*Asks:* 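Got a structure here, written out as structure tokens. Questions coming.
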Amino acid sequence: MSKIQVVRSSMPPYEEYCEEIKDLWENRWLTHQGPKHQQLEKDLRKYLDVDNITLFANGHLALELAIKAFGLTGEVITTPYTFASTTQAIVRNGLVPVFCDINPIDYTIDVNKIEDLITEKTSAIIPVHVYGSICDYERIEKIANKYNLKVIYDAAHAFGIKIGSKPVGTLGDASMFSFHATKVYHTVEGGGLTYSDSTLTEKLDQLKQFGMYGKDEVPTVGTNAKMTEAHAAMGLCNLRHIDEEIAKRKVAFDRYMENLGGIDGIKLMKIQDSVKHNYAYFPAVFDGYKYSRDEIERKLAENDIFARKYFYPITNEFEAYKGMFEIQQTPIAKYISERVLTLPLYADLSVDDVDRICKLIIE
Ligand SMILES: *Cc1c(COP(=O)(O)O)cnc(C)c1O
């Protein structure tokens, strides 16, 4: 039997991509907001149902440059139960991440614990829609308004999600989406920032292009974070198939739920009420189950099935930040990170494979 990795990138038909990039051989416009880039911004604005989007070379740089564009200072409240990128983006901007614990229900930021962490140095909150579970955005908005803070969501897991009729990319001041190859929707590498204030567009375009404006003005200190035409072309192709991909993920997701739901000691993700989900991940928390998380991981690996401890370790435990943070301040994040295993989930994962994975976990 073939290996099963935790994720497998979706690909458009080969011919479709070749057809899409044919223009590049004719116009020789390979990067710098060419026609593919322009088209993708337009199509994503429509699909994500947002007023503004700016594309980047990857999601991480979208977040780093969003922080820069908003001119954040001092301290930023965030959670450690996330991918390295969220915390690194804050630290690389010379800011101090202040870690708020997560709630034990959906692992997003615990909104009851935010206000205690606010000081006169706090300039923003950067919460994460972990596994596509949406943060309590109404409470976060209230707190942000009360203390005059910016809110930038790490929405890397939340592509295409809607809460009722509300598109996830319209929450807060801005939302970062990752279009990395392992994500639900991808451009190989890539990312996008959606935001409400349209005057940010010029600033973001400068920041991702060496701080340049036009040909010979350099008003800002910037970097190079442009999305290329070849990447945008992949994005155009994948966007045509995205609804189909999400529907296929749902089939595998539901099968896991059927097989593993109601088992003592295995806690599964609950899709929130009125949320149109994207089925990006299948996290299972082994808490009081007959096998530990690490035993399950090993057993699956012996059968060529590779699950992932996502997220472990939590970011405030990273060696890079040794001695900087009090890990005891986020006990729930630590507890969950020691018990969570993200099971394989991708559009082409068959229900037979899901059954095989579940059988190994149950027996
Ligand atoms: C993938 C991811 C990122 C970074 O995105 P890239 O496009 O890989 O740079 C940031 N935050 C979270 C939570 C992610 O999962």
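For ligands, and for the atoms within them, numbers begin at 1 and follow the listed sequence. All figures in this text were calculated on a predicted structure; none of them were measured in a lab.
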*Asks:* Look at Asp49 together with Lys162 and state whether they make a salt bridge at an N to O cut-off of under 4.0 Å.
*Replies:* yes
*Asks:* Do Asn238 and His186 have side-chain N/O donor and acceptor atoms under 3.5 Å apart?
*Replies:* yes
*Asks:* With sequence neighbours excluded, tell me which residues meet salt bridge (Lys or Arg N to Asp or Glu O under 4.0 Å) with Lys150.
*Replies:* none
*Asks:* Looking at Ile362 and Lys290, what are the two nearest heavy atoms and their distance?
*Replies:* O-NZ, 2.7 Å
*Asks:* Any protein N or O within less than 3.5 Å of an N or O in ligand 1? List each pair with its distance, or say none.
*Replies:*
unit_1, atom_1, unit_2, atom_2, d
ligand 1, 5 (O), Ser178, OG, 3.2
ligand 1, 7 (O), Gly59, N, 2.8
ligand 1, 7 (O), Ser178, OG, 2.7
ligand 1, 9 (O), Gly59, N, 3.3
ligand 1, 9 (O), His60, N, 2.8
ligand 1, 11 (N), Asp154, OD1, 3.4
ligand 1, 11 (N), Asp154, OD2, 2.8
ligand 1, 15 (O), His157, NE2, 2.9
ligand 1, 15 (O), Lys183, NZ, 3.2
ligand 1, 15 (O), Tyr310, OH, 3.0

*Asks:* Can you sort out the partners of Tyr185 under side-chain hydrogen bond (donor to acceptor under 3.5 Å, both in side chains), two or more places apart, ordered by chain and number?
*Replies:* none
*Asks:* Of all residues at least two apart in sequence or in a different chain, which pass the side-chain hydrogen bond (donor to acceptor under 3.5 Å, both in side chains) check with Asp51?
*Replies:* none
